[in-house]
Amino acid sequence: MITVKRFVVNPIEENCYVVSDPATREGVIVDCGAFDSGEFSPIEEYISQEGITLRHALQTHMHFDHVFGLDLLHEKYGLQPECHTEEQTVYADGPRLARELCGVALPLPKVGIGGFLEDGQVIPVGNAELKVIHTPGHTPGGLCFYCEADRILVSGDTLFQGSVGRTDTPQGSWRALLQSLRDKLLTLPPETVVYPGHGPSTTIAYERQYNPYRSPSERSI
């Protein structure tokens, strides 16, 4: 069974995950939002202590709070972020969005995108596999990563415990987000454990019962 280790980073309390296969010691990092070297250090220490070889730097999306640590990641492990092709403009727009939402200029990474991921693509993590699920809405190229064998989903900002991601930022779409939630995520097995981009983990069973956006009758799209 794969291991998921969470690190809560940066002032917006974003969840960065190291997902690894204990049998092979191979892993990936998802949404490295470590704000500085001090926040990045515990991630490095965990990877070193567990003897993990990182194979990919995966991105659920490219909003600024999910990418702060990409330069540090590239310097340490030689990895470049991999995301959906529609996230290129989101990444480029990061400085402007950060100023608008936070009121200050923030240090954002310069590393280029290393590759693009497509819906249905399978990413090996040692003996395990993560399936790429395209979930537009919060951003046009939003992705989730699903391990079917272990019933684990890294959901980014598409699905939170009892909520969903905001869509009032540039390129967000409320209609697309609800369609992604209802058609692609809530249809997963109920025992699936969900690791979101912010906040605590949840399950598909819980979200089917309690998420206020689970049903078209709850709120019009």
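Each residue takes its place number in the sequence, starting with 1.
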Minimum heavy-atom separation for [X] and [Y], please, with both atom names.
X      : Y      : result
Ala128 : Ile2   : CB-CG2, 3.2 Å
Phe160 : Gly197 : CE2-N, 4.1 Å
Gly126 : Glu26  : CA-OE1, 3.2 Å
Pro81  : Gln59  : CB-CG, 3.8 Å
Gly137 : Thr167 : O-CG2, 3.6 Å
Leu73  : Cys32  : CD2-CB, 4.1 Å

[X] (side chain) donor-acceptor with [Y] (main chain) under 3.5 angstrom:
X      : Y      : value
Arg151 : Glu148 : yes
Asp65  : Ile12  : no
Asp71  : His74  : no
Arg96  : Asp93  : no
Glu82  : Leu117 : no
Gln161 : Thr202 : no
Gln80  : Gly112 : yes
Asn15  : Pro196 : yes
Arg208 : Leu186 : yes
Ser180 : Ala176 : yes

What ring-ring contact (aromatic ring centres under 6.0 Å, His included) pairs are there with at least one residue in residues 111-141, not counting sequence neighbours?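 The answer is His61-His138, His63-His138, His84-His134.
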
Please answer: with hydrophobic residues joined when any side-chain heavy atoms are less than 4.5 Å apart, are [X] and [Y] in the same cluster?
X      : Y      : answer
Phe145 : Ile113 : no
Tyr146 : Leu159 : yes
Ile29  : Ile123 : no
Val193 : Val28  : yes
Val4   : Met1   : yes

Sub-6.0 Å ring centroid separation between Tyr46 and Phe7: yes

Would you indicate whether the side-chain heavy atoms of [Y] and [X] approach each other to under 4.5 Å?
X      : Y      : value
Ile152 : Val19  : no
Asp157 : His198 : yes
Leu143 : Glu87  : no

What do the steps show when you test Tyr213 against Ser163 for side chain to side chain contact (heavy atoms under 4.5 Å, CB included), and what is the final call? CA-CA 7 Å; Tyr213 307 107; Ser163 190; 4.2 Å; yes

Is the count of non-hydrogen atoms from other residues, nucleotides or ligands lying under 6.0 Å from [X] atom [atom1] greater than 12?
X      : atom1 : answer
Glu191 : CD    : yes
Lys76  : NZ    : no
Glu13  : CD    : no

As an exercise, state the distance from [atom1] of [X] to [atom2] of [Y], rounded to the nearest 0.5 Å.
X      : Y      : atom1 : atom2 : value
Cys144 : Leu130 : SG    : CG    : 11.5 Å
Leu177 : Thr158 : CG    : OG1   : 6.0 Å
Arg6   : Cys16  : CZ    : SG    : 11.0 Å
Thr60  : Asp31  : OG1   : CG    : 3.5 Å
Leu54  : Ile43  : CG    : CD1   : 10.0 Å
Ile47  : Ser20  : CD1   : OG    : 9.0 Å

Step by step, would you call Thr24 with Asn127 a side-chain hydrogen bond (donor to acceptor under 3.5 Å, both in side chains)? CA-CA 7 Å; Thr24 65; Asn127 294 324; 5.4 Å; no

Does the pair Cys102 and Phe64 meet the rule for a side chain to side chain contact (heavy atoms under 4.5 Å, CB included), with working shown? CA-CA 11 Å; Cys102 301; Phe64 64 91; 3.8 Å; yes

Are Glu50 and Thr3 close enough, and set up right, to give a side chain to side chain contact (heavy atoms under 4.5 Å, CB included), and what steps lead you there? CA-CA 11 Å; Glu50 297 299 316; Thr3 298; over 6 Å; no

Show your reasoning for whether side chain to side chain contact (heavy atoms under 4.5 Å, CB included) applies to Phe68 and Val9. CA-CA 9 Å; Phe68 280 126; Val9 293; over 6 Å; no

Any side-chain donor-acceptor pair under 3.5 Å between Thr89 and Gln171?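 On atom types as modelled, these side chains qualify, holding a pair under 3.5 Å.
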
Can you list everything that forms a ring pair (Phe, Tyr, Trp, His ring centres under 6.0 Å) with Tyr77? Sequence neighbours excluded, please. none

Side chain to side chain donor-acceptor pair (under 3.5 Å) with Asp183: which residues, sequence neighbours excluded? none

